[in-house]
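Input: a single structure, listed below in structure tokens.
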Amino acid sequence: MSDRHFAETLAGAQDGEEAAVGALWRAYHPTLLRFLRTRHAARDVDDIASEVWLRASRSWHRFHGDATDFRAWFFSIARSVSVDSYRRAGRRREVLIDDCESPRHERRAAAEVDALEALATDRAIALLAKLPREQGEAIALRVIAGLDTDRVAAIMDKRPGTVRVLQHRGLRRLALLLEAERARSEDAAR
Amino acid sequence: MRPSSGSSGDMDRDLDFLRSSDPLELDDGTVDRLLDGMAADDAPPSYRHVTELLRTLTVAPTAEELRSERSSVSSVVEQARATRMPASSKRTAKRRFRTIGAALLGSATLFVGLGAAGALPDGAQSLASAVLARVGINAPTPDSHADDRGDTGPAGGSNSPTAVLESSKVPTDTTAPTDTAPVTGNDRGAAPAA
């Protein structure tokens, strides 16, 4: 979304225009879901995402900035709702690969190519969910939300250098998890 | 691993060797490029699968992810409109408050000005006189009005709008004695006639 188009869309959304809200929703909802799925069980994600949208729509009439600022603002709300949800539930992330995959299997016949790609995305999300929370968060905000490290650092309330270390460790651990997965599938094939 | 001889230079070389022998070691620039979507062919060999994995996180939205659009957008629109209403009501209330405040201030200023000039009707003038006396301002009482009227006669224009306005322009001397009569329209009106 270009900055000009974004400004018009946001103004419309602030006035409660359905088309503008729809455009914002389509632009941000899929990435919001992916981000939340790296942190929460699949069954909780829709409720948390709804809460994020409600909080955002309650305060976006006060928002000023461009599309990138909005994305950072939106994901800071997402993170805050996610943290609140942890506190309410009093438990940590409990994402399982099967948790993400089961609804997909039912729909695969309808759109096989789409579903295969979705399975790949599900697998990536599930692996990201296996990282220590801050490492996963630092990578998810950078890759899924598309934010630069400085903005990620602001959202996580950390220094950029600390976030870089978290990202480095997260990537390293992902490489090890993928290697372990590959070794397991080779063993199974023998 | 090579054995270390113990000197500081050897130790640095050992550390360099360990770093370079770690296939998962990355510099900051490579970390950034990997996260920005570096092509698998350009990535360090140990991270080729990681780049493919990260790419799948940014593919186009799936039908499943857009499934709840209609219901979600409706509730967001409802919320956005509900939030917008109080904001506009708040602005209207603020505007009303300011208008009422300005009207009250204007009325009070006019009341004090006319009261100090002795240009109010008898009932209001006695009230103004009493109120202003409490704050140390000597305003004429209705009796002094009567005296004025007696002096100048009923044809005088002390109650004419012009006279009232001009009287209210007279600076109020809060230390002036009560019997100092304010300049009235009659006084002014007498001069041209003379």
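Treat the numbers as computed from the prediction; the structure is a model and nothing was measured. So you know, we letter chains A, B, ... as the sequences are listed, proteins then strands, and number each from 1.
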What part of Leu34(B) is in contact with chain A, defined as an atom under 4.5 angstrom from a non-hydrogen atom: side chain, backbone, both or neither? side chain
If I measure from the heavy atoms of chain A, does Ser68(B) come under 4.5 Å with its side chain, its backbone, both, or neither?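 Looking at Ser68(B), backbone and side chain both touch chain A.
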What part of [X] is in contact with chain B, defined as an atom under 4.5 angstrom from a non-hydrogen atom: side chain, backbone, both or neither?
{"X": "Leu178(A)", "value": "side chain"}
{"X": "Gln14(A)", "value": "backbone"}
{"X": "Thr121(A)", "value": "both"}
{"X": "Ala13(A)", "value": "backbone"}
{"X": "Thr149(A)", "value": "side chain"}
{"X": "Leu33(A)", "value": "side chain"}

Find out whether [X] and [Y] are in side-chain contact, i.e. whether some heavy atom of one side chain is under 4.5 Å from a heavy atom of the other.
{"X": "Arg142(A)", "Y": "Glu137(A)", "value": "no"}
{"X": "Arg173(A)", "Y": "His168(A)", "value": "no"}
{"X": "Leu32(A)", "Y": "Phe74(A)", "value": "yes"}
{"X": "Arg39(A)", "Y": "Tyr86(A)", "value": "yes"}

Considering only heavy atoms and a distance below 4.5 Å, find which of Leu171(A), Leu174(A), Ile144(A) pairs most often with chain B. Leu171(A)
Return the option, out of Ala56(A), Ala124(A), Ala140(A), with the maximum number of heavy-atom pairs under 4.5 Å with chain B. Ala124(A)
Pick from [options]: which one has the most heavy-atom pairs with chain A under 4.5 Å?
{"options": "Glu69(B), His49(B), Arg70(B), Glu78(B)", "value": "Glu69(B)"}
{"options": "Asp32(B), Thr30(B), Asp28(B)", "value": "Asp32(B)"}
{"options": "Thr58(B), Leu54(B), Leu57(B)", "value": "Leu57(B)"}
{"options": "Val59(B), Val77(B), Val76(B), Leu66(B)", "value": "Val59(B)"}

Could [X] and [Y] be called an ion pair, given the rule that one side-chain N must be under 4.0 Å from one carboxylate O?
{"X": "Glu179(A)", "Y": "Arg182(A)", "result": "yes"}
{"X": "Arg67(B)", "Y": "Asp46(A)", "result": "yes"}
{"X": "Glu134(A)", "Y": "Arg169(A)", "result": "no"}
{"X": "Arg87(A)", "Y": "Asp84(A)", "result": "yes"}

Parallel, tilted or perpendicular: rings of [Y] and [X] (30°, 60°):
{"X": "Phe63(A)", "Y": "Phe6(A)", "value": "perpendicular"}
{"X": "Phe35(A)", "Y": "Phe75(A)", "value": "perpendicular"}
{"X": "Trp53(A)", "Y": "Trp60(A)", "value": "perpendicular"}

Val50(B) vs Arg172(A), side chain to side chain contact (heavy atoms under 4.5 Å, CB included): CA-CA, chis, key distance, verdict: CA-CA 9 Å; Val50(B) 174; Arg172(A) 190 184 175 94; over 6 Å; no
With a strict 4.5 Å heavy-atom criterion, list every residue of residues 154-163 of chain A that contacts chain B, or say none.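 Expected list: none.
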Residues of residues 36-47 of chain B within contact distance of chain A, non-hydrogen under 4.5 Å: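 The list, in residue order, reads Asp36(B), Ser46(B), Tyr47(B).
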With salt bridge (Lys or Arg N to Asp or Glu O under 4.0 Å) as the rule and sequence neighbours excluded, what pairs involving residues 5-25 of chain A come up?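 Counting only pairs at least two positions apart or across chains, the salt bridge (Lys or Arg N to Asp or Glu O under 4.0 Å) contacts touching residues 5-25 of chain A are Arg4(A)-Glu8(A).
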Got a sec, which pairs hit salt bridge (Lys or Arg N to Asp or Glu O under 4.0 Å) with one end in residues 64-77 of chain A, sequence neighbours left out? Asp69(A)-Arg151(A)
Do Tyr28(A) and Phe70(A) have ring centroids that are under 6.0 Å from one another?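 Ring centroids of Phe70(A) and Tyr28(A) are less than 6.0 Å from each other.
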In sequence, state the C-alpha distance, the side-chain angles, and the governing distance for Glu51(A) and Arg88(A), and then conclude on salt bridge (charged side-chain N to carboxylate O under 4.0 Å, His left out). CA-CA 13 Å; Glu51(A) 176 63 24; Arg88(A) 268 200 306 272; over 6 Å; no
